[in-house]
Amino acid sequence: MDEAMFERFAKELTEAVAGDEAGRGASKLSSPRELMRAASAFAPLRKVSVVSGFYVPAAGAPETDGPGGAAILARAFQRAGRECEIWTDGRCLEVLAECAEVAGCAENTVRIAPASLTEDAPDGIIFVERLGRAADGRYYNFRKQDITEWTAPLDVLLDEAAELGIHSIGIGDGGNEAGMGNFHDKLGAMLPDYVSCLSVVRAEFALTADVSNWGAYALAEALSFVWGVRRGIEPGEETKMLEAAARAGAVDGISGRCETSVDGFSVKTLEKKISRLDALGRRYAARRAAGN
């Protein structure tokens, strides 16, 4: 594999998904090198689990950020001949299942997460837009509301992964997600009014993006580069997944409304981002095939 080309690709992917378009600041900590390291560690794995689902109590439904990213990552691993499941909790199960189905994941990809990794240990685990507990052991949304009552503590699986030597990645966009504990001090300095709500849960690798789905899509592209075959998201697929999520009742995490948008970004804007990632992936796949 051409490391120099991979580095250029990772840099362009990072620029595409982490320009602080959402204005939350966390994506400023995004690192092309971390993306490369994460993709290189996970590409050889034979069995991976992806954990997602962020429940919005005020709307009585999960949000639209997370399910799409989880579905595309699971599909990428499956199409690369790996075993991959999506794990979530009962409140988010239907939305994740609908997105996985329209994305073309294998049947029964989505299930309730096990209580412990000792029950069904993967080689690696990826958290996409899933809450991680704060220093006080509680779970908070970006409005500083305590939503512990509605949040299954799936982030303990990241702690267990570290103990068992299982590879792990955390993908987030705000600082309260599992894995963002890697950036706790830096995020605390950037967001002093929110420091008590920031996640302290760490992962082996941590990726930030303007929208967590985008971080997952960038990871799928980076994995594709390592595999030598494109397995990323394609134009039109974001719309299909969001329509499926809306049918299952998912809401935009910013507006709280059931609509085909993510964190305030319209489907038109989202598809424009997907087209950019798709073009990047195809361009670098062609360059790699040509040896330049």
Side-chain angles (χ1 to χ4, degrees), residues 21-24 26 50-72 86-103 110-113 127-134 138-155 170-180 191 193-194 196-199 201 209-217 237-271 273:
E21 293 180 47
R24 288 193 287 263
V50 183
V51 185
S52 191
F54 192 129
Y55 191 75
V56 182
E63 71 162 285
T64 50
D65 193 18
I72 293 302
I86 297 173
W87 293 350
T88 190
D89 59 71
R91 289 188 171 93
C92 302
L93 185 66
E94 185 180 357
V95 169
L96 267 294
E98 289 293 331
C99 285
E101 182 178 354
V102 299
V110 183
R111 71 178 181 92
I112 299 296
F127 276 66
V128 182
E129 187 67 11
R130 180 75 200 188
L131 276 177
R133 64 191 178 279
R138 311 292 289 179
Y139 298 90
Y140 297 90
N141 62 19
F142 211 64
R143 296 181 176 86
K144 302 182 184 180
Q145 297 167 329
D146 185 333
I147 58 172
T148 306
E149 180 182 346
W150 298 273
T151 305
L154 303 188
D155 55 318
I171 301 175
D173 58 26
N176 55 347
E177 303 92 352
M180 296 300 100
L191 306 167
D193 294 336
Y194 191 66
S196 63
C197 302
L198 292 171
S199 171
V201 181
D210 298 333
V211 174
S212 293
N213 276 345
W214 298 355
Y217 301 155
E237 292 189 318
E238 179 86 325
T239 299
K240 292 178 181 178
M241 289 191 293
L242 286 174
E243 289 173 346
R247 288 195 296 271
V251 299
D252 183 301
I254 299 298
S255 71
R257 295 192 294 269
C258 183
E259 54 194 5
T260 53
S261 61
V262 180
D263 286 356
F265 291 97
S266 69
V267 70
K268 181 179 180 180
T269 299
L270 296 168
E271 284 291 355
K273 183 69 64 176

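Remember, predicted model here, so these are calculated numbers, not experimental data.
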Starting from the C-alpha separation in whole Å, work towards a yes-or-no answer on side-chain contact (heavy atoms from CB on, under 4.5 Å) for Leu242 and Leu270. CA-CA 10 Å; Leu242 286 174; Leu270 296 168; 3.6 Å; yes

Check this for me: does any side-chain nitrogen of one of Lys273 and Glu238 sit under 4.0 Å from a carboxylate oxygen of the other? no

Out of curiosity, Ser199 OG to Asp155 CG, how far, rounded to the nearest 0.5 Å? 6.5 Å

Would you say Asn176 and Phe54 make side-chain contact, with heavy atoms under 4.5 Å? yes

Roughly how far, to the nearest 0.5 Å, is OG1 of Thr260 from NZ of Lys268? 13.5 Å

Which heavy atom in Arg247 sits nearest to a heavy atom in Val102, and how many Å separate them? NH2-CG1, 4.2 Å

For the aromatic rings, using the six-membered ring if either is Trp, is the centroid distance between Phe127 and Trp87 under 6.0 Å? no

Considering all heavy atoms, the nearest Gly53-Leu96 contact: CA-CD2, 4.1 Å

Side chain to side chain, Glu98 and Met241, heavy atoms closer than 4.5 Å: no

Between Tyr194 and Tyr140, does the ring centroid distance fall short of 6.0 Å? no

Non-neighbouring partners of Thr239 that pass side chain to side chain contact (heavy atoms under 4.5 Å, CB included), sequence neighbours left out: Glu243, Val267, Glu271

Report yes if the side chains of Thr88 and Val51 come closer than 4.5 Å at any heavy-atom pair, otherwise no. no

A side-chain contact here means heavy atoms from C-beta on lying under 4.5 Å apart; do Tyr139 and Pro153 qualify? yes

Give a yes-or-no answer on whether the side chains of Thr151 and Thr148 include a donor-acceptor pair shorter than 3.5 Å. no

For the pair Arg24 and Asp173, find out whether any cationic side-chain nitrogen is under 4.0 Å from an anionic carboxylate oxygen. yes

Roughly how far, to the nearest 0.5 Å, is CD1 of Ile86 from SG of Cys92? 12.0 Å

Distance, nearest 0.5 Å, that separates CD1 of Ile112 from CZ of Arg91: 11.0 Å

Among residues at least two apart in sequence or on other chains, which ones pass side chain to side chain contact (heavy atoms under 4.5 Å, CB included) with Val251? Val56, Ala59, Ala61, Cys258

Counting distance only, does the side-chain N/O of Ser52 pair as donor-acceptor with the main-chain N or O of Val128 below 3.5 Å? yes

Would you tell me whether Asp89 and Tyr55 have side-chain atoms, one donor and one acceptor, within less than 3.5 Å of each other? no

dist Glu177:CD -> Arg130:CZ (nearest 0.5 Å) comes out at 11.5 Å

Give a yes or no on whether the backbone of Asp65 and the side-chain of Asn213 come within a donor-acceptor separation of less than 3.5 Å. no

With rounding to the nearest 0.5 Å, note down the distance linking CG in Asp146 to CZ in Arg138. 4.5 Å

So, the side chain of Lys144 versus the backbone of Asp193: is there a donor-acceptor pair under 3.5 Å, distance only? yes

Report yes if some heavy atom in the side chain of Arg133 is under 4.5 Å from a heavy atom in the side chain of Val201; otherwise report no. yes

In chain order, what residues pass the side chain to side chain contact (heavy atoms under 4.5 Å, CB included) check against Ala250, with sequence neighbours excluded? Thr64, Val95, Ala245

Does a donor on one side chain sit under 3.5 Å from an acceptor on the other, for Ser261 and Asp252? yes

Can Tyr217 and Glu237 be said to form a side-chain contact (heavy atoms from CB on, under 4.5 Å), step by step? CA-CA 12 Å; Tyr217 301 155; Glu237 292 189 318; over 6 Å; no

